[in-house]
**Student:** 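First, the structure itself, so that you have it in front of you.
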Amino acid sequence: MKKLFVANFKMRPTSPKDAVALAKIGNRAGVVFVPPSLFLSEMRRVAKKAEFGVQNVWTENPKKGGAFTGEISVAMAKASGAKYVIVGHSERRALFNETDSVVAVKSNLVADAALTPIVCVGEQREVRMKGLESAKAFVRSQLEAALLGYRGKKLIVAYEPVWAIGTGENDQPESAAEMAQFIKAWAKDALHKNVPVLYGGSVNSKNIGAFAREKHIDGFLVGGASADPKELQTMVKVVLS
Ligand code: PGA
């Protein structure tokens, strides 16, 4: 199976011009751009082969929109050409109090709009220090709380150990692959679905090849490095060629 390369730009780049330049570099089938939503339409115009997603949606989706200053709805994301929505990213969990029950609501809302949620899970450093089995137990608790009531067809899970996000400290490819296998087995058993699992956490042009060799890792959710033109170009080449 071809691997998926998901570029989570977070709050970068700071101009539409730079966003369009990145769109041209990564314009390949198998690439999903998740830029700041302000830049999505402009990027789409120049990147017809890539797909798009948004980094977040609001927990409600009233037909005519509503009074939720600063938020975007899943209907708006869809109308702008997004196919995916990142749900439960660790930064949103930590900075915006997104609990597993919020993740559950959003995932179903996204699925109801026929978009695919990319649900992020991952353990904190204290948990991982106790070993991979403790990390698995923690991830299982997140999956159960967020996804046992999932009613959508398509679903992607991103395993992003919190201690590896934006720290330059990545997981070992073998451990990440073992976790990916664990998540897939859970999804098969609990949801009766084959769920692709992405790895994220300090992925860059130097380490992506080692992760890409792991057959249980179905792709990547890349933050910081994905908004760097050179890094983006190399990573996309490594993953998709
Ligand atoms: P990072 O972030 O690649 O900057 O570590 C990954 C993510 O948060 O999705």
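Every number for a ligand or one of its atoms is a count from 1 in the order of the listing.
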**Student:** Can we say D171 and R128 salt-bridge, meaning some charged N sits less than 4.0 Å from an Asp/Glu carboxylate O?
**Tutor:**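 Salt bridge: yes.
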**Student:** Name the residues in contact with ligand 1, where contact means a heavy atom under 4.0 Å away: which are they?
**Tutor:**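 The 4.0 Å shell around ligand 1 contains N8, K10, H89, E160, A164, I165, G166, G201, S202, L221, V222, G223, G224.
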**Student:** Taking it one step at a time, do Y199 and F211 satisfy ring-ring contact (aromatic ring centres under 6.0 Å, His included)?
**Tutor:** CA-CA 8 Å; Y199 170 73; F211 286 97; 4.5 Å; yes
**Student:** When you measure from the centre of the six-membered ring of F96, is the NZ or CZ of R92 closer than 6.0 Å and no more than 45° off the axis?
**Tutor:**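 Output yes; distance and angle both within limits.
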**Student:** With sequence neighbours left out, which residue pairs that include part of residues 147-166 fulfil the salt bridge (charged side-chain N to carboxylate O under 4.0 Å, His left out) condition?
**Tutor:**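 Of all non-adjacent pairs touching residues 147-166, those that pass salt bridge (charged side-chain N to carboxylate O under 4.0 Å, His left out) are D112-R151.
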**Student:** May I ask you to check whether E169 and S202 show a side-chain donor-acceptor distance below 3.5 Å?
**Tutor:**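 Side-chain D/A pair, E169 to S202: absent.
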**Student:** Passes side chain to side chain donor-acceptor pair (under 3.5 Å), E123 versus Y159? Steps please.
**Tutor:** CA-CA 9 Å; E123 78 287 355; Y159 170 56; 2.9 Å; yes
